[in-house]
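All remarks here apply to the structure that follows.
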Amino acid sequence: MSEKKKQVSRRQFLNYTLTGVGGFMAAGMLAPMVRFAIDPVLQTRERGGFSAVVDVDELTNEPQRFDWQIDQVDAWYESKVTRSAWVYKKEDGTIMALSPICTHLGCVVSWQGNDDYPDQFYCPCHGGRYTKEGVNIPNTPPPAPLALYEQKEEEGTLFLGKAIPREGA
Amino acid sequence: MQMNRKDLEQFIEAKEYVDTLLIPLSPVSINGDEQGKKVVFQGELLQIFCNEIEKYYTGRIFLFPPYYYLVNGSYQNEVERLNKWVGAAKEHPFEHVFFLTFDHFWKKQEKNIDGHLLWFPTMTSGDLHSKENQSLIKEQIEQIKQLITSYW
Ligand code: FES
């Protein structure tokens with residue numbers, strides 16, 4: 001994109017955003033919707049370090065983002081932290097649950113986050129990219145694939161545990 | 001990244017990737033009147049906004065501790081002091097400096113401060129945990145995130 005074009009869209013964006021609450025909210029509605037709401041049924045179900053994340057029926061071949069909360073306790077604080085995963089079913093039916101944390105410096109990646117790379121995960125910070133399997137694409141900054149969550153399935157519900165890092169590709 | 005030892009160490013190693021500084025401008029008041037409660041509420045909200053933004057862009061944004069100031073103090077002096085803060089932070093060459101605030105007084109000082117002021121109106125009271133407010137807040141955060149990335 002040329003610098004000039006960028007300038008214009010930045011200014012438009014500023015106007016749009018800063019004119020007031022009305023503009024703000026209208027713009028908000030146009031923003032791509034991500035699954036933010038945490039299903040109350042799933043909220044409290046935790047078993048041995050695994051949390052209920054989603055009904056397996058809801059999964060498709062397209063990665064979808066799911067959020068859930070866990071209790072994190074360390075020496076000084078006890079807090080609820082939100083975890084997220086990009087989850088989809090592979091052709092053979094196995095489930096992939098990828099951590100959205102970029103292995104470069106930790107920003108949050110999104111599936112199809114950049115129109116130029118429709119079938120990849122994209123990191124907005126320094127343009128890191130990953131295949132649908134979460135494998136880092138050479139010559140982009142990330143040194144390793146996205147971490148994979150430990151998973152298990154019980155009564156049609158997908159439970160996710162810890163995110164396990166994978167070796168560099 | 002945030003102002004703690006672990007992040008600071010990472011920052012020093014990966015400096016060339018962290019080109020954006022975010023500073024929350026947070027008024028304080030210990031007055032229990034309506035105005036005071038509003039100020040404190042907005043301070044909480046501001047911290048939520050900043051933490052969320054930092055979480056998304058942790059590899060590129062350094063989140064400074066909030067710049068606190070008295071709500072009834074002189075803004076003229078604040079501008080001077082704030083610019084000193086930024087000056088110190090800018091010993092590392094941050095390319096983009098953003099201030100985030102809900103306090104419209106800064107709007108008038110915009111041209112005197114050394115960075116981009118992101119001011120906008122938001123709620124002044126309410127339950128931060130209710131479903132409706134959560135989705136409203138998330139939408140606003142989404143907008144600010146897009147605004148910041150439009151500068152990159
Ligand atoms: S943090 Fe993702 S590419 Fe740098």
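In what follows, chains are A, B, ... by sequence order, proteins preceding strands, each numbered from 1. Basis for what follows: all heavy atoms, side chains included, without hydrogens, waters or symmetry-related copies.
Counting non-hydrogen atoms of neighbouring residues, nucleotides and ligands closer than 6.0 angstrom, the CD atom of A:Glu150 exceeds 12 such neighbours. Enclosure of atom CG in A:Asp92 by more than 12 non-hydrogen atoms of other residues, nucleotides or ligands within 6.0 angstrom is indicated.
Sorted by first and then second residue, the salt bridge (charged side-chain N to carboxylate O under 4.0 Å, His left out) pairs involving residues 46-70 of chain B (not counting sequence neighbours) are B:Asp19-B:Arg60, B:Glu52-B:Lys55.
There is no contact between B:Ser135 and chain A, counting heavy-atom distances below 4.5 Å.
Rounding to the nearest 0.5 Å places CG of B:Asp7 at 10.5 Å from CG of A:Leu105. The SG atom of A:Cys125 lies 7.0 Å from the OH atom of B:Tyr57; values are rounded to the nearest 0.5 Å.
At distances below 3.5 Å, at least one donor-acceptor pair connects side-chain atoms of A:His126 with backbone N or O atoms of B:Tyr17.
Smallest separation of non-hydrogen atoms from A:Cys107 and B:Gly59: SG-N, 3.1 Å.
Under the 4.5 Å side-chain contact rule for hydrophobic residues, B:Phe64 and B:Tyr68 do not share a cluster. A chain of hydrophobic side-chain contacts below 4.5 Å, direct or via other Ile, Leu, Val, Met, Phe, Trp or Tyr residues, connects B:Leu136 to B:Leu147.
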